[in-house]
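As a basis for the values below, the full set of heavy atoms in this structure was taken, side chains included, without hydrogen atoms, waters or symmetry mates. This one's a predicted model, so the numbers in the text were calculated from it and none came from an experiment. Note on naming: letters A, B, ... go to the chains in the order of the sequence lines (proteins, then strands), and numbering restarts at 1 for each one.
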Amino acid sequence: MAKKPKDNVPGGDLGGKVAQSSATLAALAMRGGDTWQKLVVYCCYLISAVAILVISLPPYETLKQLASLFGIVVPLFCASIFVMARYRRLTGEEVAPQPAPLLPPAPPPAAPTSVKLSSATRDRMFSVLEEARVLVRDRLQQKKATLEDKQVRANIFFPDYDGSGNCSLKIRPGLHVHMTEPELGIALGPGQGVTSHVLAYGEPRVAQRLPEAESGWDTTYQITPKLAAIINPQLRWIISMPLKMGESKPVGVMNIDGLVHQFSVDDLYECARNLTQLAMVLAGLAMGT
Amino acid sequence: MTNPQGVIVDKVVPISEAQLAQAVHTPLSETVQQIIVASGVQSLQALVGNPAAVTEAVKAYWNLE
């Protein structure tokens, strides 16, 4: 680090050594300076050098000598201002932006990734999902004997992250029963549908399709033409269970839903409670711990 | 105007301490128990043949603790 000179303002000494010394210091101080600052300093020293040359040549008239002296002092003074400013910055007397510590840059936060399932895990989860569907079907068939097997469906949604970190909920291929297109390709954004609520809040919910909204429900979703084109028009009810162990955040959502026949909310509540352990098993299999 | 497709309404499933028994005592089938054992997942092994562990896990699932 260059040491700050205490008397670097050119005074009455017009010797070439002073100018040369100041020029050297200025050049040293201006290393790394802005280009325009360097140009100003070097121009000042050029003018001073010319003035020194003029003052050393005859005739030694008073007016000429004074003008030359002026031509030496003023540019040196201007140059000294730039040099001083540069020294202050170099010696830290001026508050300057602190350089970043020489530490390796912190790695970016890990982007969330979609749940990965081996084929063996997926097969096990499918078996458990089918157990859940049959459990509900058998229970509801006790209420309505005409309920057919294919009218009770099942699926598991997992968050699906794209490369930019955006998330949507999608039915995992191979983890659905009696589902067909276009519902299999449905993608739910944050806050869309019952499934998103269950994933966000970790609470089991039941849903029904009703001719018009009735009081007493937490959430109402209007069936927009876009949704109507995707959702099976015969869908009547949904039991939506978070896949979680204990109080942990859900990793996915299991839905058991039904076509054609409507059932009472209490019947659906009862089915939901019966699905508790199976939902936990599915969560444990998905998490693998 | 009434939407011909109707509306979808939903609500949180309620559960009481009394109803907890329903969730706890729904037995896991033999098939599911075999799947749990075959999976090797430690957190699930405790649910097989351990009613106390099942009760605690179900309570936690429903946020009843």
Heavy-atom pairs under 4.5 Å with chain B are the metric here; pick the option from A:Leu275, A:Val194, A:Val206, A:Leu135 that has the most.
A:Val206
Heavy-atom pairs under 4.5 Å with chain A - which of B:Ile35, B:Leu20, B:Val12, B:Leu28 has more of them than the others?
B:Val12
Greatest number of heavy atom pairs closer than 4.5 Å to chain B - which of A:Ser248, A:Pro204, A:Ala279, A:Ala283
A:Pro204
Taking A:Gln262's backbone N and O only, do any of them form a donor-acceptor pair with A:Gln208's side chain (distance below 3.5 Å, no angle check)?
no
Are more than 12 heavy atoms from other residues, nucleotides or ligands located less than 6.0 Å from atom NZ of A:Lys150?
no
Using 4.0 Å as the upper bound for N to carboxylate O, is an ion pair formed by A:Arg133 and A:Asp149?
yes
Taking all heavy atoms of A:Leu199 and all of A:Pro159, pick out the closest pair and write down the distance.
CD2-CG, 3.8 Å
Contact winner vs chain B - A:Met125, A:Met280, A:Arg236, A:His197, heavy-atom pairs under 4.5 Å:
A:Met280
With chain B, which of A:Ser127, A:Ala207, A:Gly193 has the greatest number of heavy-atom pairs at distances under 4.5 Å?
A:Ala207
For B:Gln19, which atoms come within 4.5 Å of any heavy atom of chain A: side chain, backbone, both, or neither?
both
Donor-acceptor pair, B:Thr55 side chain versus B:Val24 backbone, under 3.5 Å?
no
